Amino acid sequence: MDNKIISERIIELKNADLKLRNKLIENKKLFEGYNEEMEKLHKQNAIILNEIINTIGYPTIDKVGKEASEAAWLIIQHSIGSPDFMKRCAEQLQNAVKENQADPINLAYLTDRIATLEGKPQLYGTQFDWDEKGNLSPNLFDDLQMVNQRRQSIGLNSLEEQTELIRNRIIQENQLPPEDFEKRKQEALEWRRKTGWIK
């Protein structure tokens, strides 16, 4: 299979993901726990992308082009039900970034997502969730000044600015906080245990 076909396949997977996400936003169901249809799609996409990576290695810009490389990152970022795959990809993405074959911002997002799922502080403050006051806020992070320094070093805005942007976007998407914050928090914790992110 040549890389042009692989590039097109990766972009198809990403488009299916975004199409479903938009449908859930329209139906106000995106933040009602992990939607079953979405979970199934994320797992399928991870299996297909894993096969591609086993064939060609990490889908870097030089192998599949910028669009497909970005699409591969999105699929990995959404493969939260596949911890081993996600962690292996993070290592490969780190190497790709060192070789200027991938975007360091993508690595920041993936590193933070893994940390958040493992219950550890994030380094760049890229991951947000509803808090007990009904606001979307950054998940646990280590130190605001350090976070902002790291963000600046890779070309991101400050965490304060990003928080405002995220909250405005949620208003535009008409997304509402969960009705029962504690119940949602408990369900997320059980899911992370079941999936193998935490013990």
Side-chain angles (χ1 to χ4, degrees), residues 1-27 29-120 122 124 126-129 139 154 173 175 187-188 190-198:
M1 192 186 293
D2 75 19
N3 285 9
K4 186 175 186 298
I5 295 167
I6 289 171
S7 298
E8 288 168 0
R9 183 72 178 117
I10 294 170
I11 292 164
E12 278 172 18
L13 299 177
K14 178 206 75 171
N15 289 342
D17 183 311
L18 295 181
K19 186 179 174 187
L20 178 56
R21 184 182 189 277
N22 289 335
K23 186 178 98 173
L24 293 174
I25 287 171
E26 282 171 25
N27 297 332
K29 290 186 174 176
L30 185 63
F31 289 105
E32 287 183 7
Y34 195 12
N35 177 275
E36 275 183 40
E37 191 182 351
M38 183 168 257
E39 185 171 11
K40 188 179 171 190
L41 180 69
H42 287 165
K43 282 186 176 171
Q44 281 174 347
N45 281 357
I47 289 165
I48 295 165
L49 186 59
N50 188 47
E51 287 168 5
I52 289 169
I53 291 171
N54 287 339
T55 306
I56 67 162
Y58 189 86
T60 53
I61 294 166
D62 65 335
K63 286 178 190 167
V64 296
K66 188 165 174 51
E67 187 185 358
S69 186
E70 291 280 328
W73 164 77
L74 185 87
I75 294 158
I76 296 160
Q77 185 77 357
H78 289 175
S79 65
I80 57 173
S82 312
D84 293 340
F85 170 70
M86 211 173 186
K87 289 179 200 172
R88 185 164 64 92
C89 287
E91 287 173 17
Q92 294 180 356
L93 178 54
Q94 194 167 21
N95 293 332
V97 167
K98 281 178 192 166
E99 293 162 8
N100 288 325
Q101 286 299 323
D103 190 338
I105 291 174
N106 290 349
L107 180 60
Y109 272 82
L110 185 55
T111 302
D112 276 359
R113 180 151 292 186
I114 290 168
T116 297
L117 288 163
E118 290 179 335
K120 296 173 184 170
Q122 48 179 340
Y124 298 89
T126 63
Q127 305 300 295
F128 283 68
D129 203 354
N139 285 314
I154 57 170
E173 291 177 351
Q175 298 298 327
E187 284 171 352
E190 284 166 15
W191 180 86
R192 282 162 54 216
R193 276 203 190 99
K194 182 186 81 175
T195 312
W197 284 108
I198 54 172

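Since this is a predicted model, take the numbers as computed values, not measurements.
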Point to revise | Test log, rule side-chain contact (heavy atoms from CB on, under 4.5 Å), inputs Trp73 and Asp103 | key: CA-CA 9 Å; Trp73 164 77; Asp103 190 338; over 6 Å; no

Review point. After noting the C-alpha distance and the side-chain angles of Arg113 and Leu117, does the key distance pass the side-chain contact (heavy atoms from CB on, under 4.5 Å) rule?
Key: CA-CA 6 Å; Arg113 180 151 292 186; Leu117 288 163; 3.9 Å; yes

Practice item. Kindly determine whether Ile75 and Ile10 satisfy side-chain contact (heavy atoms from CB on, under 4.5 Å), including the steps that lead there. Key: CA-CA 8 Å; Ile75 294 158; Ile10 294 170; 4.1 Å; yes

Practice item. Using the side-chain contact (heavy atoms from CB on, under 4.5 Å) rule, take Thr116 and Asp129 through it: C-alpha gap first, then chi angles, then the decisive distance, then the call. Key: CA-CA 10 Å; Thr116 297; Asp129 203 354; over 6 Å; no

With a 3.5 Å cut-off and sequence neighbours excluded, list the donor-acceptor pairs that the side chains of residues 43-54 form with protein atoms.
residue, atom, partner, partner atom, Å
Asn45, ND2, Leu13, O, 3.3
Asn50, OD1, Arg88, NH2, 2.1
Asn54, ND2, Asn50, O, 3.4

For residues 90-101, run the donor-acceptor check on the side chains, cut-off 3.5 Å, and write out each pair with its distance to 0.1 Å, sequence neighbours left out.
residue, atom, partner, partner atom, Å
Gln101, OE1, Asp62, N, 2.8

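Side-chain N or O atoms of Gln122 include one that pairs as donor or acceptor with a backbone N or O of Gln127 at under 3.5 Å. With His42 contributing its side chain and His78 its backbone, the two residues share a donor-acceptor pair below 3.5 Å. Side-chain N or O atoms of Ser69 include none that pairs as donor or acceptor with a backbone N or O of Lys66 at under 3.5 Å. For the pair Lys14 (side chain) and Leu74 (backbone), a donor-acceptor distance under 3.5 Å is absent. Judged by distance alone, with hydrogens and angles left aside, the side-chain atoms of Asp2 form a donor-acceptor pair with the main-chain N or O of Ile5 at under 3.5 Å.
The existence of a salt bridge linking Glu26 and Lys23 is excluded, since no basic side-chain nitrogen approaches an acidic carboxylate oxygen closer than 4.0 Å.
Within 6.0 Å of NZ on Lys4 lie no more than 12 heavy atoms contributed by other residues, nucleotides or ligands.
Heavy-atom minimum distance, Phe128 versus Thr126: CD1-O, 3.6 Å. Residues Trp197 and Trp191 share a closest heavy-atom pair of CD1-CZ3, 4.0 Å.
Residues forming a salt bridge (Lys or Arg N to Asp or Glu O under 4.0 Å) with Glu67 (at least two apart in sequence, or on another chain): none.
Separation of atoms CD (Glu70) and CD1 (Ile105) is listed at 9.0 Å; rounding is to 0.5 Å.
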